[in-house]
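A short write-up of the structure that comes next.
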Number of protein chains: 2
Amino acid sequence: MSEIITTYPEVKKCNVSYILAVNDTLNVISGKWKLPIIATMLKERQRFSEIQKQIPKISPRMLSKELRELELNGVVVRTVHNTTPVLIEYGLSGSGKKIMDVLDKMVEWGLNHRELILHQNAEKAGLMSH
Amino acid sequence: MSEIITTYPEVKKCNVSYILAVNDTLNVISGKWKLPIIATMLKERQRFSEIQKQIPKISPRMLSKELRELELNGVVVRTVHNTTPVLIEYGLSGSGKKIMDVLDKMVEWGLNHRELILHQNAEKAGLMSH
DNA sequence: TGAATTACTATACAATAGTATACTAGTATT
DNA sequence: AATACTAGTATACTATTGTATAGTAATTCA
């Protein structure tokens, strides 16, 4: 048995607060609409109807629900302007803007992974033709 | 209107392959069991029953399903040993091991975000007592 | 007065994700 | 011959997530 099990050197310490932290992050970015919604607010704050125009397929129910969740999680800030008619704007909090760092890493991994798989498939095809 | 909309400077280029890359990454880490399963394989390859022992609450159906998906996505490698009884081992591929880089970023963001929110709540509590 | 805009909510339903429980084929042990 | 271990599969169910469609209150415009 022992000869067929390889140990990898790059093992990291992993405690409970790390697991909670990863879960917090996943909560902010997983689901069908959270990332598209966050994306609309990267440049500037947006109103409800403007987000709807930029994400035409989202229903108002989902947009309302996701914005409420993101606000509860401290990622989105909702601002009510005392004008007539009342204007409501949604923007990213400090953390919300920093989520781009995580997304950048995800892009990096994803692109790298795609390339690795393409190479593997090319190798397999090469072997099979010989 | 224009005075109440702030533009953030840190806008990134975003094209279709970036979105695909993020989605690929999310597919690998989202869901209830994928990360726990990957975690068991960080140190060394594992057999089906060993993963079950380390994640007692997972049903064999889910473990089987998730391992199959991870293998299809090129994150997990399944090795069959021609012994009696047959031994099957699951380990991480090169990409699979590198997913830790993404998780590290998620831990970083998550811990930071928790701290920011705690500070905010402390400030609010301070204001309210005055 | 009637239509349009803004920022949603309500209700019902469909689709996906996850659970619970039992079962299987092959081999080895008692 | 009965039991147990390995690596799962099968079936039926519940829970969560997302969709479709209609409606609402307050205000403004023609």
Side chain to side chain contact (heavy atoms under 4.5 Å, CB included) involving B/P85 - partner list, sequence neighbours excluded: none
With salt bridge (Lys or Arg N to Asp or Glu O under 4.0 Å) as the rule and sequence neighbours excluded, what pairs involving residues 71-85 of chain B come up? none
Where the side chain of A/Q54 meets the backbone of A/I51, is there a donor-acceptor pair that is under 3.5 Å apart? no
Of all residues at least two apart in sequence or in a different chain, which pass the salt bridge (Lys or Arg N to Asp or Glu O under 4.0 Å) check with B/K105? B/E108
Does C/dC8 have OP1 or OP2 sitting under 4.0 Å from an N or O in the side chain of A/Y90? yes
Side chain to side chain donor-acceptor pair (under 3.5 Å) partners for A/T79, two or more places apart: none
Residue list, side chain to side chain contact (heavy atoms under 4.5 Å, CB included) with A/Q120, at least two apart or on another chain: none
Separation of atom CD in A/Q46 from atom P in C/dC8, rounded to whole Å: 14 Å
Length of the CD-P vector between A/E50 and C/dC8, whole Å: 13 Å
Using a 3.5 Å cut-off and no angle test, enumerate the donor-acceptor pairs between side-chain atoms of residues 20-34 of chain A and protein atoms at least two apart in sequence or in another chain.
residue	atom	partner	partner atom	Å
A/D24	OD1	B/R114	NH2	3.4
A/D24	OD2	B/R114	NE	2.6
A/D24	OD2	B/R114	NH2	3.2
A/T25	OG1	A/A21	O	2.9
A/T25	OG1	B/M106	O	2.9
A/S30	OG	A/L26	O	2.8
A/K34	NZ	A/S30	O	3.3
A/K34	NZ	A/E69	OE1	3.4

Counting only heavy atoms and a strict 4.0 angstrom limit, can you tell me which residues of residues 63-71 of chain B come near DNA chain D? B/S64, B/R68
Residues that B/R61 engages under salt bridge (Lys or Arg N to Asp or Glu O under 4.0 Å), provided they are two or more places apart: none
Where along nucleotides 19-30 of chain C does protein come under 4.0 Å, by heavy atom, of base (B) or sugar-phosphate alone (S), with - for untouched nucleotides? BB-------S--
